[in-house]
Amino acid sequence: MADSKQIQLNGKQLEAVSCLKGPLLILAGAGSGKTRVLTHRIINLIQEGVAMPGEILALTFTNKAAGEMRERVRRQLAEPGMPVDQIWLSTFHSMGAKLLREHAHLVGLDSSFSIFDSADQKTVVKTVMQEVGISDKVVSPKAVAWKLDSLKNDGINPKNFEGSQSFMDKKLVPIVKRYQEKLKENNAVDFGDLLLLTFELFHKNPELCDEFQDRYPFILVDEYQDTNAIQYKILKLITAKYRNLCVVGDEDQSIYKWRGADISNILNFEKDFPETKVIKLEENYRSTKNIISAASTVIANNTQRKEKTLFTSNPDGDPIEIHILQSDFEESQWVVESIRKKVQLEGVPLNDVAIFYRTHAQSRLLEDRLRYNRLHYKIFGGLKFYDRAEVKDVLAYMRLMVNPKDDVSLFRIINVPTRGIGKTSLIKIKTFALEKNIAGLEAIGEICSMPPTPEFKGAARSKLQGFLKLYQELLAASEEQNAEDFYSFLLEKTGYLDKLKDEDTIEAQTRIENLKELASALSEYAARTAQSGLREFLEEVALLSDLDKEQENQENYVTMMTLHSAKGLEYPYVYLVGLEEGLFPSIRDESFEDDEDIEEERRLCYVGMTRAMKKLHMTSARMRKVFGRTQIRRESRFIDEIPEQYRVLVDETRGRAPANSWQQNAGHMDDDSQYFNDPNPDGFESQVNDEPTEGGFPVGSKVAHPDFGAGVVVKRSGNSTNLKVSVRFNGFGVKKFIARFAPLEPLI
């Protein structure tokens, strides 16, 4: 290989770069320099005279990755007259778009076709559903969009979809078929078509496929473990003649099954190409030995993988620090306090710190605690909790209960969930309100109380009356119920939650989790402040959001993200939170636990662990609030799979102790003493007196709180319906509660 000393590759990397012909499978472990290898293999193909730049096609999954690779190649081949730009570095979708532009007539398109994004797709779906007479109350447009993407990812043209005899498929068949017709009428394609039609282009036009093979005899693919069925079919077609296909990937980092990725593509590569040379890149340049050894031991529990073992020449580093906390509230406290100490005492920049979690909803408590400590943060690949659409929708309903003149909130939710009040009606309401100089809600009241007019009659008027009735029922409930109970009533009465459940998509499930977390926020607020009203809660949220705006321009911040977003990134200090059965691994029903799903969850854990460079922290909570209710949790099996020599486990509820096996804990929990600190470790004398005990919680009695742990009632006041109690908690001091709203449980 040319200039091998200058490039400074290790033995296996050099072998991969030097193997230039035939099928090649490069199994690149985490942090093993796969992008470097892929880049230098392209350079070597050219420098060794094996391929001209215009004969090379390299496929990635993001435009950013393609751009970075292009720049690396350009820097290395900065020779006069070298036509570097002739190398085709592209994403699968960009390749499809270019090919379809050139040969549009062969797939029934005009070369000026439009590419519809996800928003355009949903608009077309809604139009089609109206045409075929299927209500969005029966089938969610998002569920249709998800089905369309799934079909195309699997290589199935929707026009050929017949489905099963299930109720849902019977409804979907006419929609997806008409959708595809609608795209053709509009001379348009969606993202799924960019791949599906590219496959059909080559499959139905062998001479064109042959021409393409001659033009690009050398093909390289990055992140091969993330390819789906249609991408696999395209690759098989365009590499059939010369079989110079080099794929780079790591089956241990295959975490996108929910997006259509098929791990069998990389696991079965040698079956499809029997003459394949396999090279394993096992030296990690990113992390310490302790992190690499622990992660390798965890992933070794998977069966769907190739045999390989990561190693590193880096120092041993600190052991992985695992903390078992009493609750999700205490977990957020510990994580943020640990970060604060790193920043203030050790001088660690915030940019060196990342927090990973399994679900978006977990960010809320961490965000609150970071704001409280004035530590700037940024959500990577997502919105801050109170900026998420479903959270803003429900808060808008609440604000309207407190302030009926809030037109911004009114017009946000008047048709959410969909109730048939369209843009035309909204314009008419706003015009009427402007003419009368009244608020929108008052305008609706007047419109519904006066005789029908040409502007407001028939179905439109009836729908407004239905909304007004809903508002009045919600208002009455908000005046009678505390904020937590009203929130549950609101979700049920508006049908917001049921609508998301009916969608049955990954996105809908994420939104449901965020709504559950909002319920927990309400519960926590009531317990923390002894306030149970909507107005006070909304004011706190508004102030928190306002503080967020002050942080937007900060360049130094803690990075927060889901584990799926963390792939490909690295940070010196990583906090991996929420390692509990049911949350991570995510298991909806343990009685129907799927081995393949567990293995994907374990791969997700492996990805999270191997993002850490210097220090990895992992946390688990004994109790976590879900929909405002406290659930007892047991630590994740992934914690149990980390050998003791690579970790330090600190059980904050009992001091240092070995982790209990998740298998032993399944189905039962130990006595309360396992989960709560001694409520009176410093000999604090409770205030015992002769106050009446009506309503429970007598002075001196022990109670448990999901966030603060065990405590002692030190004072009572008020009557049974308005009983207030003061409880002293170890480490938290005295907290005051309205007894009927507080999640306090007597400890015997």
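With rounding to the nearest 0.5 angstrom, the CG atom of Leu604 is 4.5 Å from the CG atom of Leu563. We find the OH-CD distance between Tyr606 and Glu600 to be 15.0 Å, quoted to the nearest 0.5 Å. Atom SG of Cys605 sits about 5.5 Å away from atom CG of Leu576, to the nearest 0.5 Å.
By the 4.0 Å N-to-carboxylate-O rule, Asp651 lies close enough to Arg622 to be salt-bridged with it. Here Arg371 pairs with Asp368 in a salt bridge; the nearest charged N to carboxylate O distance falls below 4.0 Å. Residues Lys516 and Glu513 are not paired through a salt bridge, judged by the lack of any N-O separation under 4.0 Å between the basic side chain and the carboxylate. Between Glu641 and Arg637, no side-chain nitrogen of the basic residue sits less than 4.0 Å from a carboxylate oxygen of the acidic one, so the salt-bridge criterion is not met. Here Glu580 does not pair with Arg634 in a salt bridge; the nearest charged N to carboxylate O distance is not below 4.0 Å. Between Asp328 and Lys625, no side-chain nitrogen of the basic residue sits less than 4.0 Å from a carboxylate oxygen of the acidic one, so the salt-bridge criterion is not met. No salt bridge links Arg633 with Glu581; every basic N to acidic carboxylate O contact stays at or beyond 4.0 Å. Taking 4.0 Å as the cut-off between side-chain N and carboxylate O, Arg364 and Glu517 count as a salt-bridged pair.
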- Message: Determine whether Leu515 and Leu500 satisfy the following criterion, side-chain contact (heavy atoms from CB on, under 4.5 Å), listing intermediate values before the conclusion.
- Response: CA-CA 10 Å; Leu515 291 178; Leu500 290 175; 3.7 Å; yes
- Task: Take Thr562 and Ser565, measure what side-chain hydrogen bond (donor to acceptor under 3.5 Å, both in side chains) needs, and give me the verdict at the end.
- Result: CA-CA 5 Å; Thr562 64; Ser565 299; 3.2 Å; yes
- Message: Test salt bridge (charged side-chain N to carboxylate O under 4.0 Å, His left out) on Glu346 and Lys341; report intermediate values, then the result.
- Response: CA-CA 7 Å; Glu346 301 174 30; Lys341 288 178 180 177; over 6 Å; no
- With side-chain hydrogen bond (donor to acceptor under 3.5 Å, both in side chains) as the test, would you mind laying out the steps for Tyr571 and Asp352 before giving the verdict? CA-CA 6 Å; Tyr571 297 89; Asp352 283 358; over 6 Å; no
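Using a distance-only test at 3.5 Å, with no hydrogens or angles considered, no donor-acceptor pair links the side chain of Asn373 to the main chain of Leu375. Side chain of Arg728 to main chain of Gly711: no donor-acceptor pair is present (N/O by atom type, distance under 3.5 Å, no hydrogens or angles). For Glu337 (side chain) and Trp334 (main-chain N/O), no donor-acceptor pair under 3.5 Å exists by modelled atom type. Looking at Asn351, its side chain does come within 3.5 Å of a backbone N or O of Tyr557 through a donor-acceptor pair. When atom types are taken as modelled, the side chain of Asp407 and the backbone of Leu410 share no donor-acceptor pair closer than 3.5 angstrom. Side chain of Glu367 to backbone of Phe385: a donor-acceptor contact under 3.5 angstrom is found. In this structure a side-chain-to-backbone donor-acceptor pair under 3.5 Å is present from Ser478 to Leu475. With hydrogens and angles disregarded, a donor-acceptor distance shorter than 3.5 Å links the side chain of Ser620 to the backbone of Leu579. Side-chain atoms of Arg412 do not come within 3.5 Å of backbone N or O of Ala396 as any donor-acceptor pair. A donor-acceptor pair is defined here as one N or O able to donate and one able to accept, closer than 3.5 Å; such a pair exists between the side chain of Arg611 and the backbone of Val607.
Checking Phe638, Phe356, Tyr357 one by one against Phe584, the ring-ring contact (aromatic ring centres under 6.0 Å, His included) holds for a single residue, Phe638. Tested against Thr619, the residues His323, Glu331, Glu635 include a single side-chain hydrogen bond (donor to acceptor under 3.5 Å, both in side chains) partner, Glu331.
Cation-pi geometry between Arg369 and Tyr372 is met: under 6.0 angstrom from the ring centre, within 45 degrees of the axis.
The side-chain heavy atoms of Leu470 and Lys493, taken from C-beta on, include a pair separated by under 4.5 Å.
The shortest heavy-atom contact between Arg419 and Ile413 is NH1-O, 2.9 Å. Across all non-hydrogen atoms, the minimal contact from Asn290 to Gln645 is OD1-O, 4.1 Å. For the pair Glu484 and Ser523, the tightest heavy-atom approach, listed with the atom from each and the gap, is OE1-CB, 3.1 Å. When all heavy atoms of Pro585 and Glu601 are compared, the closest pair comes out as CA-OE1, 3.4 Å. Of all non-hydrogen atoms in Val298 and Met609, the two that sit nearest each other are CG2-SD, 4.3 Å. Residues Gly445 and Leu468 approach most closely at CA-CD2, 3.9 Å, considering heavy atoms.
One side chain, Gln362 or Thr359, offers a donor N or O that lies under 3.5 Å from an acceptor on the other.
Judged as a ring pair (Phe, Tyr, Trp, His ring centres under 6.0 Å), and not counting sequence neighbours, Tyr487 has no contacts.
More than 12 heavy atoms of other residues, nucleotides or ligands sit less than 6.0 Å from atom NZ of Lys342. More than 12 non-hydrogen atoms from other residues, nucleotides or ligands lie less than 6.0 angstrom from NZ of Lys567. For Glu473, the CD atom sits in a packed shell: over 12 heavy atoms of surrounding residues, nucleotides or ligands are nearer than 6.0 Å. For Lys378, the NZ atom is loosely surrounded, since the number of other residues' heavy atoms within 6.0 Å does not exceed 12.
A parallel orientation is assigned to the rings of His617 and Tyr575, their planes being inclined by less than 30° (bins at 30° and 60°).
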